[in-house]
Protein chains: 2
Amino acid sequence: MEHQHSSPENDAQHWLACLQSNGYRLTEPRRVVVETIASSQQALIPFDVFEKARSSYPSLGLVTVYRTIEKLEELGLIQRVHQPTGCQAFVTAFSGHQHLLICQHCGRVEFFSGDVEVIDGLVKTVGDTSGYKIQGHWLQLFGVCTGCQKVGPGSEN
Amino acid sequence: MEHQHSSPENDAQHWLACLQSNGYRLTEPRRVVVETIASSQQALIPFDVFEKARSSYPSLGLVTVYRTIEKLEELGLIQRVHQPTGCQAFVTAFSGHQHLLICQHCGRVEFFSGDVEVIDGLVKTVGDTSGYKIQGHWLQLFGVCTGCQKVGPGSEN
DNA sequence: TTTTATGCAAAGTATTTGCACGGGA
DNA sequence: TCCCGTGCAAATACTTTGCATAAAA
């Protein structure tokens with residue numbers, strides 16, 4: 001079991017470099033959107049990103065947030081988080097470590113690789129039993145993070 | 001590993017009884033919506049339900065489909081299916097056997113209980129390591145069912 | 001200079017709500 | 001009879017598109 005962390009500054013720099021090397025231009029609006037998502041430990045919906053990013057760049061439009069998210073998702077740098085309360089939020093994507101642990105109070109997301117053999121074994125068994133050709137899987141855990149266990153909902157940022 | 005099946009007729013009767021015992025009236029529109037969802041092996045979005053159910057009851061309104069789905073979900077009889085392509089579809093909910101295997105071509109959904117000890121062990125480890133109070137989990141596998149492996153996409157109903 | 005990106009406004013989707021009428025109990 | 005359920009139309013929420021201007025390369 002490993003938990004994954006990465007430095008937000010590095011993420012932001014890496015994402016910007018990725019955008020550029022894929023033929024997209026580096027603009028101030030993109031920079032603030034990228035930095036906002038990369039520096040957040042919680043899953044953010046487009047409107048959250050819009051509001052946070054506007055404090056650095058007030059003339060930002062919500063449409064630009066949608067368009068930047070679209071590109072980051074395309075490039076596999078962020079991923080959509082599905083929750084009982086909605087499926088509009090995004091967080092950093094780690095390749096090969098796609099299992100999420102999500103705090104239901106503050107939206108904080110942790111990553112865990114899990115025991116790869118255990119999960120692979122399970123997947124294989126289900127594939128064999130069902131006859132399905134298995135293409136992928138989602139494993140997500142929901143709970144309350146240590147911070148929210150102490151202070152209650154909505155208090156973490 | 002067990003796969004779960006249930007008889008659609010029984011589901012429909014059970015769901016209608018459940019609605020009634022929760023103070024909801026038994027109406028023809030509800031009956032056709034319930035029968036449509038209960039008899040489908042694929043996840044259906046509200047508009048699919050609307051179209052199918054209208055063949056039995058042409059004056060059905062889409063709004064009634066939404067309202068009936070809402071009640072069935074409230075009562076835990078159906079559950080929303082989250083997929084890369086969207087999160088509007090619903091299928092029967094089995095209590096305690098919530099793991100899904102979804103065909104990406106035809107939308108067919110199978111249920112498997114998985115190896116409970118394996119999953120519980122994993123969940124416990126993640127809880128201990130992270131400090132989160134774990135409240136629930138989602139495990140979904142995506143693949144192609146045996147029928148669609150033979151005939152290609154969109155052919156199964 | 002050339003082409004892409006931006007923000008606004010408008011258009012699309014998906015879903016929910018208000019309301020008068022009709023049907024279940 | 002009484003009240004809930006229905007379908008329609010309108011409202012709402014979320015997201016995408018068209019377009020003229022602005023900025024990157």
Compare side-chain N and O positions of [X] against OP1 and OP2 of [N] and report whether any pair is under 4.0 Å apart.
X	N	answer
A/Thr64	C/dG7	yes
A/Arg30	C/dT6	yes
A/Gln20	D/dA25	yes
A/Tyr66	D/dT15	yes
A/Thr27	C/dT4	no

Please report the distance, rounded to the nearest Å, between [atom1] in [X] and [atom2] in [N].
X	N	atom1	atom2	value
A/Glu70	C/dA5	CD	P	11 Å
A/Asp48	D/dA13	CG	P	16 Å
B/Gln88	C/dT13	CD	P	14 Å
A/Phe50	D/dA13	CZ	P	16 Å
A/Lys71	D/dT15	NZ	C1'	14 Å
A/Arg54	C/dT6	CZ	C1'	15 Å
B/Leu19	D/dT6	CG	C1'	15 Å
A/Ile69	C/dA5	CD1	C1'	16 Å

Review point. B/Arg80 or B/Leu26: which one's nearest nucleotide on DNA chain C is closer to the 5' end?
Key: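 Closer to the 5' end of DNA chain C: B/Arg80.
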
**Study point:** Along DNA chain C (nearest heavy atom to each residue), the more 5'-positioned of A/Leu62 and B/Glu28
**Key:**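 Counting from the 5' end, the first nearest nucleotide belongs to A/Leu62.
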
Practice item. Determine the contact category for A/Phe47: base if any of its heavy atoms lies under 4.0 Å from a base atom, sugar-phosphate if only primed atoms, P, OP1 or OP2 are that close, otherwise nothing. Key: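 It contacts nothing in the nucleic acid.
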
Check your understanding: For the ring pair A/Trp138 and A/His82, is the centre-to-centre distance below 6.0 Å?
Key ->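 Yes, the ring centres sit under 6.0 Å apart.
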
Has [X] got a side-chain atom pairing as donor or acceptor with [Y]'s backbone, closer than 3.5 angstrom?
X	Y	answer
A/Ser55	A/Lys52	yes
A/Asp128	A/Thr125	no
B/Gln149	A/Gly131	yes
B/Arg108	B/Ile102	no

Check your understanding: Less than 3.5 Å between a donor and an acceptor, one on the side chain of B/Arg67 and one on the base of C/dT16, is that the case here?
Key ->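 No.
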
Practice item. Compare the minimum distances between each of C/dT15, D/dC4, D/dT6 and the side chain of B/Arg25, then state the nucleotide with the smallest one. Key: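 For the B/Arg25 side chain, the nearest candidate turns out to be D/dC4.
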
**Study point:** From D/dA24, C/dG24, D/dG7, nucleotide with atom closest to B/Tyr57 side chain
**Key:**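 Selected nucleotide: D/dG7.
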
Review point. Which residue lies toward the 5' end of DNA chain D, A/Val63 or A/Ile45, if each is placed at its nearest nucleotide?
Key: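 Closest to the 5' end, via its nearest nucleotide, is A/Ile45.
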
